[in-house]
Amino acid sequence: MFLAIRELLFAKTKYILIGLITTLTVSLIFIVSGLAEGLSADNASSIQGLAADSLVLEAEAEGELGSSFIPMQKAKEIINDQEQEANTLSIQMMNATVGGGDKQISLALFATERDGMLIPEVTEGRSPKQENEVLADESLKQDGIQLGDELQLGEETTYVVAGFTTEQRYSHTPVVFVKSDDLEQVNAVAVKGESVSEGAYSTIPKMDALHGIPSYSQEQASLNMMIIFLYVITAFVLAVFFYVMTLQKRDQFGVLKALGANNTYLISGLIIQVILLSIVSVGIATAISFGIGALFPADMPFILNMATIVQPAIIIIVVSVLGAVVSLYQVIQIDPLEAIEGVAT
Amino acid sequence: MTLVLEHVHKVYQDGPKEYVALNDASLQVQAGEFVAVVGPSGSGKSTLLSIAGALLSPTSGKVLLDGENIVTLSKKEVTKRRLEKIGFIFQAAHLLPYLKVKDQLNVMSVLAHKSKQQKTDILAHLGLEHRIHHYPNDLSGGERQRVAIARALVNNPQLILADEPTASLDSSRGQEVVKLLANEVKEGNKAGVMVTHDERVLGYADRIITIRDGKVELG
């Protein structure tokens, strides 16, 4: 600690420069994480926030909500078999026009029992009461939809927006909750807690259904790939920096060893430097990322909060220390004899 | 403290050939005695000093510090002995560039897990009290070597080893530094060994030992 801190303060410029590079890569990690989190919510917040724990699907659908079809009669039997509360869920992607205009809006229709457990909390307006009334995600407002507006679906169906709810997006489109009474088949039965299923039907945890959402896995995989690369780059940048620093300081380490410093002391000094550098970089990068996040337009799928940051922050500190291991070996290898010049070896 | 080397051999393997750096070298240095080791380059002076300072282990023979044979100790124990019992002074001062003079001394207390008590006495003694808050870069060569001596004395070691301490100094600075060393050895009742080929400073030594081809010739 004694030496580590004094050296950091003495060689400010070097450490500020390397800290700057680390700060930039860490900021990028945070921003891409925020984007991944935002896209994930934009694609699946309605499933992630679904007031159920598991889904009963047709076994042949292999976990894909869209390929599962359960006749309404059978769905009711499944509901009756459950020990806990259960409701039907049917998802349909539709295009709607507003009040007979030309503008098309994509919607995800979630059909379920009108007063069932799957209906989310109303944040504006009121719960649907009339036959044709619906509850819609508030992101529809960005398309100019207001309370009381009519959504025209095809030739016959017209819905009236009675209320808005929040954080209900599916496949990058706003979710509209409609009633399922007159459907002949549904996609799934959503169940609280463990669900009971048999024969041609199988149960999956609700989070497993995310993989069945078009493009969900691909989007997350490509962003996660970027994040992993950034971790590796950060680790390598720090590893190379501390390796070169250690090589430069060979004679200093040699003298310290000759004077009686043991490996543990020298190594812990190095690790303290790496940890301090990465903690400061993470701190500044957090501020930068929140600042940039605030500048993004409201409809950009970007979610950054302390919960999103904690995990990558810990990973960064851990990989930085791992990166320094190469230098540790170097420090251990240095012979105190190097302090005495002219000794034949 | 006495330093005793008994029948020390050091053999280096140089490809297929063997190179004998020390051949049956024996030596005894008493407390309060300041010994100069001289000899042509390549004669084994530095090897002798490295073995006495527990930086190098001999091929055979014994090195006794206060009666304890340090040859058989573990690496960790040897490092501890260096910290507690031996003060090293090198050819160049080898100060850490990022430490002020007072911290050059404090680091020795930190390593020995001792409190960082005031080092002003020792610095005043070596005429460095006005340099306490300076970095090595701001010091003259002689001042740097005096700081190195102060650093070697901080933990009050009983054995002082100096490897050509005047090599980087001009003649008058060199004389001054060796005089200081000799005084410290006398006043602190320590054992002192200095390797040198600077004949002008031999007058400060109690005894001069010559090494030729790895053999100790007592003078």
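Numbered from 1 within each chain, the chains take letters A, B, ... in sequence-line order. These values consider heavy atoms only, across backbone and side chains, with no hydrogens, waters or symmetry-generated copies. The structure displayed is predicted, hence computed values, not measured ones.
- Remark: Asn137(B) CG is loosely packed, at most 12 non-hydrogen atoms of other residues, nucleotides or ligands lying under 6.0 Å away.
- Surrounding CG of Asp213(B) are at most 12 heavy atoms belonging to other residues, nucleotides or ligands under 6.0 Å away.
- For residues 98-110 of chain B, the interface with chain A (any heavy-atom pair closer than 4.5 Å) comprises Tyr98(B), Leu99(B), Asp103(B), Asn106(B), Val107(B), Met108(B), Val110(B), sorted by residue number.
- Interface residue Leu49(B): only side-chain heavy atoms are found under 4.5 Å from chain A.
- Heavy-atom contacts from other residues, nucleotides or ligands closer than 6.0 Å to NE2 of His197(B) number 12 or fewer.
- Neither the backbone nor the side chain of Pro157(B) comes within contact range of chain A; no heavy atom of the residue lies under 4.5 Å from a heavy atom of that chain.
- Note that CG of Leu256(A) and CG of Leu83(B) are 11.0 Å apart. Values are rounded to the nearest 0.5 Å.
- Counting only heavy atoms from C-beta outward, the side chains of Val255(A) and Arg151(B) approach each other to under 4.5 Å.
- For Met207(A), the CE atom sits in a packed shell: over 12 heavy atoms of surrounding residues, nucleotides or ligands are nearer than 6.0 Å.
- Within the 4.5 Å cutoff, no side-chain heavy atoms of Leu96(B) are placed close to those of Phe10(A).
- Smallest separation of non-hydrogen atoms from Ala261(A) and Thr79(B): O-CG2, 3.7 Å.
- Taking CG from Leu259(A) and CD1 from Ile86(B), the interatomic distance works out to 11.0 Å, rounded to the nearest 0.5 Å.
- Remark: side-chain polar atoms of Arg82(B) are paired, donor with acceptor, to backbone N or O of Lys257(A) under 3.5 angstrom.
- Highest contact tally toward chain A, considering only Ala21(B), Ala112(B), Pro97(B), Gly42(B), is held by Pro97(B) [criterion: heavy-atom pairs under 4.5 Å].
- In this structure, Lys80(B) places its NZ atom where only 12 or fewer heavy-atom neighbours from other residues, nucleotides or ligands lie under 6.0 Å away.
- Rounded to the nearest 0.5 angstrom, Ile51(B) CD1 and Leu337(A) CG are separated by 9.5 Å.
- Here the shortest heavy-atom pairing between Pro336(A) and Leu55(B) reads CB-CD2, 3.6 Å.
- A 6.0 Å sphere centred on CD of Gln142(A) holds more than 12 heavy atoms belonging to other residues, nucleotides or ligands.
- Other residues, nucleotides and ligands contribute only 12 or fewer heavy atoms inside 6.0 Å of the CD atom of Glu167(A).
- Within a 6.0 Å radius of CE in Met300(A), more than 12 heavy atoms belonging to other residues, nucleotides or ligands are found.
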